[in-house]
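The model shown is predicted, which means the values in this text are computed figures rather than measured ones. Only heavy atoms go into these numbers, but all of them, side chains included; no hydrogens, no water, no symmetry mates.
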Amino acid sequence: MAAMQRPLRRTIAIAKRACFSSLRPSSAAAAADTLAPPQPPLLPPFDYHPHPYNGPSTDEVLAKRKTFLGPSVFHYYQKPLNIVEGKMQYLYDESGRRYLDAFAGIVTVSCGHCHPEILNAIMEQSKLLQHATTIYLHHTIGDFAEALASKMPGNLKVVYFVNSGSEANELAMMMARLYTGNLGMISLRNAYHGGSSSTLGLTALNTWKYPIPEGNVHHVISPDPYRGAFGADASSYAKDVQDHIDYGTSGKVAGFIAESIQGVGGVVELAPGYLKLVYDIIHKAGGVCIADEVQTGFGRTGSHYWGFETQGVIPDIVTMAKGIGNGLPLGAVVTTPEIASVMAQKIQFNTYAGNPVCSAGGLAVLRVLDKEKRQAHCADVGSHLLERLRSLMQRHEIIGNVRGRGLMVGVEFVTARKEKTPAKTETTVLFEKLRELGVLVGKGGLHGNVFRIKPPMCFTKDDADFLVDALDYAISKL
């Protein structure tokens, strides 16, 4: 992700001078090059006309950001996009140009931009009561909590609402420490669990970490089947967890937290069977197990409603945000009654948690996902997308790995497949080229060489075909 923040002009200039001899396709792929799209692909038809835009220009918006926002606020692209409107899986800039949003506001727009049923729920509640805290009764928070709890397995029935994923993970970590009486937390290398002062300790990517106290956190080897030290051998990675407990702690820990698929780290799916082995180790060490579902939840993986279900486990605590609100500032922590009881020792309160407007919107999201069968849709469209990307990988040596589930997909670029050398500069060039072609993706991984494809869940097979064709075209122009 750090590559996003580097001066792109210099990077692109270097890329244009670079020698791509190591990326030349094999003889079979070279013969297939005649199949490369001769012309830039066109966006699928979409029956919508954006409103005329009369607001400030891109230059004016950028100048105001630079003047009044912190210098850490970065933007994508050499020439930043001024996005002024969105509709379902598409975004529009100030000129009315349409883009395929394959990143969903960083995996946040689950049902689609400005989905009418969600907008209606938000607006109707806003007309009646915009804000009232939990010191008063209001039915929306209870209705939303009940609906959310019904989606959880086991005894995960108690819901705490918060405003973001970082806040959800902070609360989960505090619960783990209070419930167990232990302090030490274990998270994975390459993980991202938030940017607050406490969750930065759980995060394990140097590009995001400031030099501040990390709060008794141990980072174990990420069970990455592509780049990991042990390939897809879950038992070897689990042994590393046991070693950390044996040699780096008192023998007791507060908890273990992991994303079911590492998002910011580059869409890394954990080695099969890993969580089941580790959960057993953690429980024996007196800890609780936390599943970070901020990016993987709500059916995005297609095969399951929650990412942790792909590993056949039931966590003690589950955190979620992003897609839960389709863009609303909303997050949640769901746990068991037993663990939740420790929070009653003191006053635990959140001013905006369970806000009537956010609760109404969140409930509408759950209903839309069910009504439109988005989990099954993610499985169907995601399989098609992965199949096409893997076919493209056979033609272009620069694609080192295609991975993911449903509509949570990663494409990793390398300059040499055997050595898996990150193609950092080339990825930046392709990133810019896709934007020119009308496709917006994310970037991830420590070296910024992974495209993160995580669109709104209304993304279609036609959209998938356009994205792959655009990527094919862009690579062919390197």
(request) Would you check if the distance from the ring center of F161 to the ring center of Y352 is below 6.0 Å? (result) no

(message) To the closest 0.5 Å, what do you measure between CD1 (I324) and OG1 (T108)?
(response) 11.5 Å

(message) Quick check on side chain to side chain donor-acceptor pair (under 3.5 Å): which of K87, H113, Q89 does D101 satisfy it with?
(response) H113

(request) Before giving the answer on side-chain contact (heavy atoms from CB on, under 4.5 Å), spell out for I475 and F413 the whole-Å C-alpha distance, their side-chain angles and the decisive distance to 0.1 Å. (result) CA-CA 11 Å; I475 294 174; F413 299 100; 4.3 Å; yes

(request) Measure the CG-CG distance between L392 and L471 for me, rounded to the nearest 0.5 Å. (result) 5.5 Å

(request) Report the distance from atom CG of L369 to atom CZ of R300, rounding to the nearest 0.5 Å. (result) 10.0 Å

(message) Between the side chains of K420 and E412, is the shortest nitrogen-to-carboxylate-oxygen separation below 4.0 Å, so that they form an ion pair?
(response) no

(request) Tell me, yes or no, whether the heavy-atom count around K276 atom NZ, taken from other residues, nucleotides or ligands under 6.0 Å, exceeds 12. (result) no

(request) Check the surroundings of atom NZ in K239: do more than 12 heavy atoms from other residues, nucleotides or ligands lie under 6.0 Å from it? (result) no

(request) Considering only NZ, NE, NH1 and NH2 on the basic side and carboxylate oxygens on the acidic side, decide whether D280 and K284 come within less than 4.0 Å. (result) yes

(request) Scan residues 260-275 for pairs that pass side-chain hydrogen bond (donor to acceptor under 3.5 Å, both in side chains), counting only residues two or more places apart or in two chains. (result) N190-Q262, S222-Q262, S260-E293, E269-R405

(message) As a quick check of understanding, evaluate side-chain contact (heavy atoms from CB on, under 4.5 Å) for R374 and C458, giving each step before the final call.
(response) CA-CA 7 Å; R374 287 305 175 198; C458 51; 3.7 Å; yes

(request) Inspect the surroundings of CD in E124 and state if more than 12 heavy atoms from other residues, nucleotides or ligands are less than 6.0 Å away. (result) yes

(request) Tell me, yes or no, whether the heavy-atom count around R367 atom CZ, taken from other residues, nucleotides or ligands under 6.0 Å, exceeds 12. (result) no

(message) I need the L277 CG to Q311 CD distance, nearest 0.5 Å.
(response) 9.0 Å

(request) Could you walk me through whether V294 and V107 pass the side-chain contact (heavy atoms from CB on, under 4.5 Å) test, one step at a time? (result) CA-CA 9 Å; V294 170; V107 212; over 6 Å; no

(message) With a 6.0 Å cut-off (strictly less than), is the heavy-atom count around CZ of F349, excluding the residue itself, greater than 12?
(response) yes

(message) How long is the straight-line distance from CG of L330 back to CZ of F144, given to the nearest 0.5 Å?
(response) 5.0 Å

(message) How about CD1 on I106, more than 12 heavy atoms from neighbouring residues, nucleotides or ligands closer than 6.0 Å, or not?
(response) no

(message) Tell me whether the rings of F451 and F431 are parallel (<30°), tilted (30 to 60°) or perpendicular (>60°).
(response) tilted

(request) Identify the two heavy atoms, one from A360 and one from Q125, that lie closest to each other, and give their separation to 0.1 Å. (result) CB-CB, 3.9 Å

(request) Rounded to the nearest 0.5 Å, what's the gap from NE2 on H49 to CG on D47? Could you check? (result) 6.0 Å

(message) Go through it in stages, so that I can follow the logic: the residues are I221 and F230, the test is side-chain contact (heavy atoms from CB on, under 4.5 Å), and I'd like the CA-CA distance, side-chain angles, deciding distance and then a yes or no.
(response) CA-CA 9 Å; I221 298 174; F230 307 116; 4.1 Å; yes

(message) I'd like to know if D472 pairs up with R395 as an ion pair, taking the criterion as any Lys NZ or Arg NE/NH1/NH2 lying under 4.0 Å from an Asp or Glu carboxylate oxygen.
(response) yes

(request) Determine whether more than 12 heavy atoms belonging to other residues, nucleotides or ligands lie under 6.0 Å from atom CD of E387. (result) no

(request) State which residues pass ring pair (Phe, Tyr, Trp, His ring centres under 6.0 Å) with Y226; sequence neighbours excluded, sorted by chain then number. (result) none

(request) State, without any angle test, whether Y473 and Q39 hold a side-chain donor-acceptor pair at a distance under 3.5 Å. (result) no

(request) Kindly indicate whether the side chain of H283, heavy atoms from C-beta on, has any atom under 4.5 Å from the side chain of C289. (result) yes

(message) Salt bridge check, D380 against K461: does any charged N sit closer than 4.0 Å to a carboxylate O?
(response) yes

(request) Return the minimal non-hydrogen interatomic distance between V441 and A102, and the atom names on each side. (result) CG1-CB, 3.9 Å

(request) Have a look at Y92 and tell me which of Y53, Y99, Y48 forms a ring-ring contact (aromatic ring centres under 6.0 Å, His included) with it. (result) Y48

(message) Assess the residue pair D463 and T460 against the criterion (side chain to side chain donor-acceptor pair (under 3.5 Å)); give the C-alpha distance rounded to whole Å, side-chain angles, the decisive distance to 0.1 Å, and a yes or no.
(response) CA-CA 5 Å; D463 295 321; T460 68; 3.0 Å; yes

(request) Give a yes or no on whether a salt bridge exists between E436 and K433, defined as a side-chain N under 4.0 angstrom from a carboxylate O. (result) yes

